[in-house]
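A short write-up of the structure that comes next.
Chain letters run A, B, ... following the sequence lines, proteins first, then strands; residues in each count from 1.
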Amino acid sequence: QKEVEQNSGPLSVPEGAIASLNCTYSDRGSQSFFWYRQYSGKSPELIMSIYSNGDKEDGRFTAQLNKASQYVSLLIRDSQPSDSATYLCAVNDYKLSFGAGTTVTVRA
Amino acid sequence: DTGVSQDPRHKITKRGQNVTFRCDPISEHNRLYWYRQTLGQGPEFLTYFQNEAQLEKSRLLSDRFSAERPKGSFSTLEIQRTEQGDSAMYLCASSLEGQGPYEQYFGPGTRLTVT
């Protein structure tokens with residue numbers, strides 16, 4: 001069983017819509033959760049971190065964490081073509097475990 | 001602050017050759033990590049340092065791989081007797097213990113192709 005699972009993509013959304021990305025993890029003791037954005041051929045870029053249950057908003061991004069359900073999600077509001085990328089969910093305090101990523105395409 | 005830098009950005013080598021990659025972390029960061037990423041997968045943890053001490057190595061890090069971080073500054077990752085299966089993007093990340101717990105920032109990566 002993989003440690004971190006992400007919803008399979010690709011995910012195609014129209015410009016201006018909400019993109020919803022989901023991630024589940026197996027280690028119930030995990031305390032730190034991150035979302036990275038990775039453009040094709042580039043390295044991962046940290047866009048959100050969340051440590052407590054509930055929602056955390058940063059601009060057009062909202063991360064949601066539910067430790068009881070071992071579930072973390074990322075919402076991208078008002079999606080823009082520049083949001084087209086692969087989004088990686090990462091879990092744990094130092095030795096990050098990554099999901100395989102969900103590729104998002106925002107169509108104009 | 002300058003970000004994490006890695007050198008070289010691309011490396012093509014023949015099977016059996018040795019290669020060495022360098023990573024310079026964000027200047028005040030005391031933790032440095034190496035990951036490997038293959039196409040369609042997320043990065044996989046290889047090893048990490050706190051200052052100059054190598055604290056953990058993944059089982060992925062065979063005895064052909066060695067990493068060092070002399071004086072707790074830059075780090076090198078060496079692969080001896082490269083194999084085609086070593087072809088991947090090698091990513092370095094750094095973090096500051098105690099600041100926004102364990103937020104890791106990645107360098108641009110070194111893409112290795114073994115022919």
- Query: Is the count of non-hydrogen atoms from other residues, nucleotides or ligands lying under 6.0 Å from B:Lys11 atom NZ greater than 12?
  - Reply: no

- So with a 6.0 Å cut-off around CG of B:Leu60, is the heavy-atom count from everything else above 12? yes

- Residues passing the side chain to side chain donor-acceptor pair (under 3.5 Å) test with B:Glu56, sequence neighbours excluded, are A:Tyr94, A:Lys95

- Task: Find the distance between CG (A:Leu46) and CD (B:Glu103) and round it off to the nearest 0.5 Å.
- Result: 5.5 Å

- Please tell me if the side chains of A:Leu88 and B:Pro43 come closer than 4.5 Å, counting only heavy atoms from C-beta onward. yes

- Query: What's the spacing between B:Tyr35 OH and A:Phe98 CZ if we round to 0.5 Å?
  - Reply: 5.5 Å

- Task: For A:Lys67, look at atom NZ and say whether over 12 heavy atoms of other residues, nucleotides or ligands are found less than 6.0 Å away.
- Result: yes

- Can you check whether anything in residues 76-87 of chain B gets within less than 4.5 Å of chain A, heavy-atom wise, and list it by number? none

- Which bit of A:Gln6 is near chain B, if near means a heavy-atom gap under 4.5 Å: side chain, backbone, both or neither? neither

- Task: Using the test side-chain contact (heavy atoms from CB on, under 4.5 Å), find all partners of A:Ser52 that sit at least two apart in sequence or belong to another chain.
- Result: none

- Message: Is there a continuous path of hydrophobic side-chain contacts, each under 4.5 Å between heavy atoms, that joins B:Val114 to B:Leu61?
- Response: yes

- For atom CZ of B:Arg15, decide whether the heavy atoms of other residues, nucleotides or ligands shown that lie under 6.0 angstrom number more than 12. no

- Item | chain B contacts, top residue of A:Gly101, A:Pro44, A:Gly41, A:Gly99 (heavy-atom pairs, under 4.5 Å) | A:Pro44

- Exceeds 12 heavy-atom contacts within 6.0 angstrom, atom CD of B:Glu68: no

- chain A contacts, top residue of B:Gly40, B:Ser58, B:Ser95, B:Pro108 (heavy-atom pairs, under 4.5 Å): B:Pro108

- Item | Nearest-0.5 Å distance, OG of residue A:Ser43 to CD of residue B:Gln37 | 9.0 Å

- Message: If the condition is side-chain contact (heavy atoms from CB on, under 4.5 Å), which residues does A:Ser97 pass it with, not counting sequence neighbours?
- Response: A:Glu3, A:Val4, A:Asn92

